[in-house]
Amino acid sequence: MNILQINSSARTWSNGQGSQSTRLANELVEGLLAAHADAARTLRDLTSSPHPALDEATLGALFTPAEHRTPEQQARVAQDDALIAELQAADVIVLGVPMVNFGITSQLKNWFDAVARARVTFAYTDKGPVGLLTGKKVYAVLTRGGVHRDQPTDTQVPYLRTMLGFLGMKDVEFIYAEGLSMGPDAEARALESARAEIARIAEAVAA
Ligand SMILES: Cc1cc2nc3c(=O)[nH]c(=O)nc-3n(C[C@H](O)[C@H](O)[C@H](O)COP(=O)(O)O)c2cc1C
């Protein structure tokens, strides 16, 4: 079982501080690894190595036929190819998803912009779009300073369902850690409830 962990916070988790989404995503992956003897983790750390944005030069590279690309264009497309190959090889994807200004981080958006590629990860047919990344399980660990679950302010869950589903990944489970900026008690409760969910997932996978 190949587990692909994507860290997308603007900050790292190190020395017991920093990114709560990375901290909880680490814990979830460790739970899955402990539950599955044959599991292995691939880490795509967009915090330490942010992926470049989809800009005009990138679009130019992508829309230039491979045999006509300049060395710079080849290098830029190869960066996206690497992310796509990791995703294709994954059976399970664990996304660390911080809320920043009511949305996902630009780090995670750039990742989606890199992996959504026509005829490779999705295709348009006469019946509409078809996602080509099927048979995968996705866990998204959501960390928020406030509380947004099932509210109009939660733009992340609808976006993630739409985007992942468009690429063929419809089996998505969300783990919430909310109220992290609402004082120490609320933070402790948020982490406790996320950890209970993580333990439940690891147990279910082991069963
Ligand atoms: C620049 C910035 C913007 C934020 N925007 C929001 C927001 O719109 N809604 C919210 O509930 N929390 C917001 N937060 C709080 C974060 O969601 C919270 O700190 C969470 O732990 C971030 O995940 P991370 O620890 O993995 O970086 C924001 C934090 C920062 C630093």
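Order of listing sets the numbers, starting from 1, for every ligand and every atom in it.
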*Asks:* Under 4.0 Å from any heavy atom of Val100, which atoms of ligand 1 are there?
*Replies:*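 Those of ligand 1 that fall under 4.0 Å from Val100 are 3 (C), 4 (C), 5 (N).
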*Asks:* Within the 4.5 Å heavy-atom criterion, are Leu87 and Ile93 side-chain neighbours or not?
*Replies:*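 The answer is yes; the side chains approach within 4.5 Å.
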*Asks:* Please determine whether side chain to side chain contact (heavy atoms under 4.5 Å, CB included) holds for the pair Ile3 and Leu33, giving the CA-CA distance in whole Å, both sets of side-chain angles, and the decisive distance to 0.1 Å.
*Replies:* CA-CA 9 Å; Ile3 304 170; Leu33 289 171; 3.9 Å; yes
*Asks:* Regarding ligand 1, does Met99 bring an N or O atom to under 3.5 Å of one of the ligand's N or O atoms?
*Replies:*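 Checking ligand 1 against Met99, an N or O pair does fall under 3.5 Å apart.
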*Asks:* Do any nitrogen or oxygen atoms of Phe102 come within less than 3.5 Å of a nitrogen or oxygen of ligand 1?
*Replies:*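 Phe102 vs ligand 1: N/O contact under 3.5 Å present.
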*Asks:* Give me the nearest non-hydrogen protein atom to atom 19 (O) of ligand 1 as residue plus atom name, then the distance to 0.1 Å.
*Replies:*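 Looking at atom 19 (O) of ligand 1, the protein heavy atom closest to it is Arg11 NH2, 3.8 Å.
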*Asks:* Do you know which two heavy atoms are closest between Ala116 and Phe122, and how far apart they sit?
*Replies:*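 Scanning both residues, the minimum pair turns out to be C-CE2, 3.7 Å.
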*Asks:* List every atom of ligand 1 that sits less than 4.0 Å from any heavy atom of His148, numbering the atoms from 1 in the order shown and giving each element.
*Replies:*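 It comes down to these atoms of ligand 1: 9 (N), 10 (C), 11 (O).
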*Asks:* May I ask you to identify the nearest protein heavy atom to atom 27 (O) of ligand 1, giving residue, atom name and distance to one decimal place in Å?
*Replies:*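 Here the closest protein heavy atom is Ser9 OG, 2.7 Å.
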*Asks:* Does atom 30 (C) of ligand 1 have a protein heavy-atom neighbour under 4.0 Å away?
*Replies:*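 No, no protein heavy atom sits under 4.0 Å from atom 30 (C) of ligand 1.
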*Asks:* If you measure every N/O of Asn101 against every N/O of ligand 1, is any gap under 3.5 Å?
*Replies:* yes
*Asks:* Need the ligand 1 atom indices (1-based, order shown) with element for anything under 4.0 Å from a heavy-atom of Pro98.
*Replies:* 22 (C), 23 (O), 24 (P), 26 (O), 27 (O)
*Asks:* Pairs of nitrogen or oxygen atoms closer than 3.5 Å, one from Thr22 and one from ligand 1: do any exist?
*Replies:*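 In this structure, Thr22 places no N or O atom under 3.5 Å from an N or O of ligand 1.
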*Asks:* Is atom CD of Gln151 surrounded by more than 12 heavy atoms (other residues, nucleotides or ligands) closer than 6.0 Å?
*Replies:* yes
*Asks:* Under a 4.0 angstrom heavy-atom cut-off, which atoms of ligand 1 come close to Leu180?
*Replies:*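 The atoms of ligand 1 under 4.0 Å from a heavy atom of Leu180 are 21 (O).
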*Asks:* Write out the residue and atom name of the closest protein heavy atom to atom 15 (C) of ligand 1, then the distance separating them to 0.1 Å.
*Replies:*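 Nearest protein contact, heavy atoms only, for atom 15 (C) of ligand 1 is Gly145 N, 3.5 Å.
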*Asks:* Just which atoms of ligand 1 are under 4.0 Å from any heavy atom in Ser19?
*Replies:*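 Counting atoms of ligand 1 from 1, those under 4.0 Å from Ser19 are 24 (P), 25 (O), 26 (O).
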*Asks:* Using distance alone, decide if ligand 1 has a nitrogen or oxygen within less than 3.5 Å of any nitrogen or oxygen in Val147.
*Replies:*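 No.
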*Asks:* Please report which non-hydrogen protein atom sits nearest to atom 23 (O) of ligand 1, along with the residue it belongs to and the distance in Å to one decimal place.
*Replies:* Thr143 OG1, 2.9 Å
*Asks:* May I ask you to decide if Met169's main-chain N or O and Lys137's side chain share a donor-acceptor pair within less than 3.5 Å?
*Replies:* no
*Asks:* Between His148 and Tyr176, is the ring-ring contact (aromatic ring centres under 6.0 Å, His included) condition met? List the steps.
*Replies:* CA-CA 10 Å; His148 306 281; Tyr176 293 80; over 10 Å; no
*Asks:* On a heavy-atom basis, which atom in Leu24 and which in Ala177 lie closest, and how many Å separate them?
*Replies:*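 Scanning both residues completely, I find the closest heavy atoms to be CD1-CB, 3.7 Å.
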*Asks:* Check the pair Val120 / Val115 against side chain to side chain contact (heavy atoms under 4.5 Å, CB included), numbers first and verdict last.
*Replies:* CA-CA 9 Å; Val120 179; Val115 299; over 6 Å; no
*Asks:* Regarding atom 26 (O) of ligand 1: of the candidates Gly146, Ser21, Gly179, which has the closest heavy atom?
*Replies:*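 Among Gly146, Ser21, Gly179, the closest heavy atom to atom 26 (O) of ligand 1 comes from Ser21.
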*Asks:* Donor-acceptor pair, distance only, cut-off 3.5 Å: does the side chain of Glu178 make one with the backbone of Arg149?
*Replies:* yes
*Asks:* Where do Phe112 and Leu160 land on the side chain to side chain contact (heavy atoms under 4.5 Å, CB included) test, with the steps shown first?
*Replies:* CA-CA 10 Å; Phe112 276 117; Leu160 290 169; 3.7 Å; yes
